[in-house]
> 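One structure follows; several queries about it will come next.
Numbering of ligands and ligand atoms starts at 1, following listing order. These figures come from a predicted structure and were not determined experimentally.
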Amino acid sequence: MEKKSLSSAGQVARILNYINGEFVAAGSGKTFENRSPVDARLLGLVSEAGEAEVDAAVKAARAALVGPWGALEMAERTELLYAVANEINRRFDAFLQAEVADTGKPVSLAKHIDIPRGAANFKIFADVVKNVPSEFFQMATPDKKGAINYAIRVPRGVIAVIAPWNLPLLLMTWKVGPALACGNTVVVKPSEETPATATLLGEVMNAVGVPKGVYNVIHGFGPGSAGELLTRHPGIDAVTFTGETRTGAAIMKAVADRVRPVSFELGGKNAGVVFADCDFDAAVEGMGRAVFANCGQVCLGTERVYVERPIFDKFVAALKAKAEGFKLGRPEDAATGMGPLISQEHRAKVLSYYERARKEGASVVTGGGVPKMEGDLANGCWVEPTIWTGLPEDSAVVREEIFGPCCHVRPFDTEAEAVRLANDTQYGLATTIWTTNLARAHRVAAQIEVGISWVNCWFLRDLRTPFGGSKQSGIGREGGVHSLEFYTELRNVCVKL
Ligand code: NAD
């Protein structure tokens with residue numbers, strides 16, 4: 001019988017590492033608690049991988065790479081990835097339940113975004129790799145016989161995938177999908193806050209017959225734990241990471257001695273720009289999502305909103321109404337529009353910015369504190385959706401990524417001023433621009449220094465397009481064929497005829 005990843009010991013589930021096709025506890029017996037952000041109930045005890053487990057996972061990944069996975073034809077590999085996508089969809093409810101339990105996000109959100117996209121990431125990248133042509137040139141040579149020169153793509157090897165907690169399955173598979181499609185093998189370190197869906201994916205891999213060692217999961221924390229042990233392991237060939245900018249810097253140092261490539265999707269302090277000629281209702285709706293979706297825990301979300309002066313007051317009032325319209329509550333309640341933050345630790349960080357904004361003299365348009373929740377919910381990681389005005393641009397609240405349901409709104413008078421304000425940041429992930437002036441839309445989008453500019457929309461993207469950050473928001477681009485730049489290496493072959 002298949003060993004389950006989430007085995008039950010009494011009432012408490014045990015979440016195990018997944019190494020070489022087996023669910024295993026750490027030899028040290030070390031575990032850490034996984035608690036619900038909604039009401040602090042204990043969801044499970046997670047086995048914390050140590051040096052031995054990290055080493056076993058990397059070795060299993062290497063053995064699969066040079067063994068059964070490397071031996072597959074591309075068509076066989078992609079068939080298995082379609083099967084993975086189908087199996088996630090077949091187990092949709094189990095994934096949904098696990099993701100919602102770990103994150104506390106509303107079921108309505110996870111049902112439409114996290115799980116479907118988690119499955120789609122395997123199918124999309126299987127399609128991409130099948131349709132990428134190679135370079136091929138015919139060369140003239142002095143003896144007139146010629147030569148042919150072409151490039152072949154080969155997998156990079158064993159990829160370390162380090163994932164965050166805000167969209168756990170989606171962001172992890174966004175990297176595992178292309179890595180496997182390109183013929184690599186992976187060792188995944190999910191966030192310590194959200195260990196469940198990466199582990200469930202191990203069951204899917206076994207069920208559809210992905211060879212042992214192709215996909216491995218090790219649990220633990222960052223520094224001094226599984227994350228750092230993985231990035232320092234000499235057996236990994238590359239690291240792909242999504243998370244905070246300063247964690248990216250630590251990972252870069254960890255791989256520097258061995259000169260391993262990295263792909264980084266990092267933090268942001270994204271600006272939204274609303275011109276007076278916008279479709280007002282659409283702009284309020286869109287900015288409401290950009291600021292408050294997933295309780296503000298979206299890297300692409302907006303924490304700085306710039307509004308053209310003639311509509312400033314009206315816009316702030318409308319955004320306030322939007323913020324106050326969210327019902328905070330249990331994820332499974334259909335009326336719930338906003339869940340809690342991920343952890344008490346993160347809540348303390350967000351609340352420290354709420355406090356700081358008050359101290360620095362912000363006008364608190366709405367929120368700014370902790371909502372009163374009933375019963376068990378009072379133990380959860382709740383904060384009020386919050387809007388400020390009146391802070392200077394050099395305030396830490398306006399400059400640093402908070403990653404909560406909050407924004408600062410400031411008026412501007414000219415297009416040039418809006419662009420200058422939007423660009424006055426060390427980050428460069430995303431922007432959302434609202435205007436009905438087509439020429440202005442193109443002009444402003446081209447000037448804002450970010451990886452993605454949305455015009456009259458937010459969080460909309462064809463997955464074949466490049467995704468990534470400028471400045472301190474990332475290194476590299478993933479998505480569609482762009483993912484191949486990281487997950488494969490090109491080899492040049494020149495044949496004299
Ligand atoms: P985080 O950097 O704290 O942790 C991310 C992962 O890195 C976790 O698995 C963690 O255990 C691991 N980690 C931490 N320190 C490590 C170390 N020294 N070595 C190896 N691994 C280490 O980020 P988070 O709090 O999980 O996620 C929120 C952050 O992620 C925000 O900054 C957000 O903007 C960013 N993010 C960016 C994108 C993007 O696409 N650019 C997407 C989602 C989230």
> What is the closest protein heavy atom to atom 31 (C) of ligand 1, and at what distance does it sit?
Glu401 OE1, 3.4 Å

> What do we get for Thr245 next to ligand 1 when only non-hydrogen atoms under 4.0 Å count, side chain, backbone, both or neither?
neither

> Would you say the rings of Phe403 and Trp165 are close, in the sense that their centroids are separated by under 6.0 Å?
yes

> Kindly confirm or rule out an N or O of Leu266 lying under 3.5 angstrom from an N or O of ligand 1.
yes

> If you measure from each non-hydrogen atom of Leu429 to ligand 1, which part falls under 4.0 Å: side chain, backbone, both or neither?
side chain

> If we ignore hydrogens and angles and just use 3.5 Å, is the side chain of Lys105 paired with the main-chain N or O of Asn166 as donor and acceptor?
yes

> May I ask whether Gly474 has any heavy atom positioned less than 4.0 angstrom from an atom of ligand 1?
no

> Does this structure show an ion pair linking Asp127 with Lys123, if we count only N-O contacts that are shorter than 4.0 Å?
yes

> Just which atoms of ligand 1 are under 4.0 Å from any heavy atom in Glu228?
19 (N), 20 (C)

> Heavy-atom contacts under 4.0 Å between Thr242 and ligand 1: side chain, backbone, both, or neither?
both

> Return the closest protein heavy atom for atom 15 (N) of ligand 1 as residue, atom name and distance.
Thr247 CG2, 3.2 Å

> Both conditions, 6.0 Å and 45 degrees, for the charged tip of Arg289 above the ring of Phe459: are they met here?
no

> May I ask you to check if ligand 1 and Asn166 share an N or O to N or O distance below 3.5 Å?
no

> Enumerate the atoms of ligand 1 whose separation from the nearest heavy atom of Ser191 is less than 4.0 angstrom.
9 (O)

> Are the side chain of Asn34 and the backbone N or O of Leu43 linked by a donor-acceptor pair below 3.5 Å?
no

> Among all protein heavy atoms in this structure, tell me which lies nearest to atom 23 (O) of ligand 1, with the distance rounded to 0.1 Å.
Glu244 N, 3.4 Å

> Between Arg477 and Glu485, does at least one N-O distance fall below 4.0 Å, as a salt bridge requires?
no

> Quick one: are the ring centres of Phe125 and Tyr487 less than 6.0 Å apart?
no

> State the atoms of ligand 1, each with its element, that fall below the 4.0 Å cut-off from a heavy-atom position in Leu171.
42 (C), 43 (C)

> Of the protein's non-hydrogen atoms, which lies at the shortest distance from atom 22 (C) of ligand 1, and what is that distance?
Gly222 CA, 3.4 Å

> Please work out, at 4.0 Å between heavy atoms, whether the side chain, the backbone, both, or neither of Ala254 comes within that distance of ligand 1.
neither

> I'd like to know if Asp93 and Lys111 make a salt bridge, using a cut-off of under 4.0 Å between side-chain N and carboxylate O.
no

> Does the plane of the ring in Tyr354 sit parallel, tilted or perpendicular to the ring in Trp388? Use 30° and 60° as the thresholds.
perpendicular

> Salt-bridge test for Glu303 and Lys269: reply yes if a basic N is under 4.0 Å from a carboxylate O, no otherwise.
yes

> Strictly under 4.0 Å, does any heavy atom of Phe241 approach an atom of ligand 1?
yes

> What part of His346, side chain, backbone, both or neither, has a heavy atom within less than 4.0 angstrom of ligand 1?
neither

> If the cut-off is 4.0 Å to any non-hydrogen atom of Lys189, which atoms of ligand 1 fall inside it?
8 (C), 9 (O), 10 (C), 11 (O)

> Can you find a protein heavy atom under 4.0 Å from atom 4 (O) of ligand 1?
no

> Hey, does Ser473 come in under 3.5 Å of ligand 1, counting only N/O atoms on both sides?
no

> If the cut-off is 4.0 Å to any non-hydrogen atom of Phe467, which atoms of ligand 1 fall inside it?
40 (O)

> What protein heavy atom lies closest to atom 25 (O) of ligand 1? Include the residue and the distance to one decimal.
Trp165 NE1, 2.8 Å

> Looking at Gln344 and Asn379, would you say the former's side chain and the latter's main chain have a donor-acceptor pair under 3.5 Å?
yes

> With a 6.0 Å cut-off on the ring centroids, do Phe412 and Tyr306 count as close?
no

> Would a distance-only check, ignoring hydrogens and angles, find a side-chain to backbone donor-acceptor pair under 3.5 Å from Ser483 to Gly479?
yes

> Taking 4.0 angstrom as the limit and counting only heavy atoms of Pro190, give me the atoms of ligand 1 inside it, by number and element.
9 (O)

> Which part of Phe221 is near ligand 1, with near meaning a heavy atom under 4.0 Å away: side chain, backbone, both or neither?
backbone

> Under 3.5 Å between any N/O of Thr231 and any N/O of ligand 1: does that happen in this structure?
no

> Would you indicate which of Gly469, Gly227, Gly243 comes nearest to atom 20 (C) of ligand 1 when only heavy atoms are counted?
Gly227

> Give me the nearest non-hydrogen protein atom to atom 12 (C) of ligand 1 as residue plus atom name, then the distance to 0.1 Å.
Ile162 CG2, 3.6 Å

> Is the backbone of Ile19 close enough, under 3.5 Å, to the side chain of Asn17 for a donor and an acceptor to pair up by distance?
no

> Do any N or O atoms from the side chain of Asn216 and from the backbone of Asn20 form a donor-acceptor pair under 3.5 angstrom?
yes

> Students should be able to answer this: which protein heavy-atom is nearest to atom 36 (N) of ligand 1, and at what distance?
Cys299 CB, 3.5 Å

> For atom 28 (C) of ligand 1, what's the nearest protein heavy-atom neighbour? Residue, atom name and distance, please.
Phe403 CE2, 3.6 Å

> Answer yes when Glu285 and Lys322 have at least one side-chain N-carboxylate O distance shorter than 4.0 Å, and no when they do not.
yes

> Heavy atoms only: which of Pro164, Gly267, Ala163 lies closest to atom 8 (C) of ligand 1?
Ala163

> Does a side-chain N-to-carboxylate-O contact under 4.0 Å join Arg232 and Asp257?
no

> For ligand 1, indicate whether the residue Glu192 contacts it via side chain, backbone, both or neither (heavy-atom separation under 4.0 Å).
side chain

> What I want to find out is whether Lys349 reaches Glu345 closely enough, with some N-O distance under 4.0 Å, to be called a salt bridge.
no

> At under 4.0 Å between heavy atoms, is it the side chain or the backbone of Leu230 that contacts ligand 1, or both, or neither?
neither

> Does ligand 1 have any atom sitting under 4.0 Å from a heavy atom of Gly248?
no

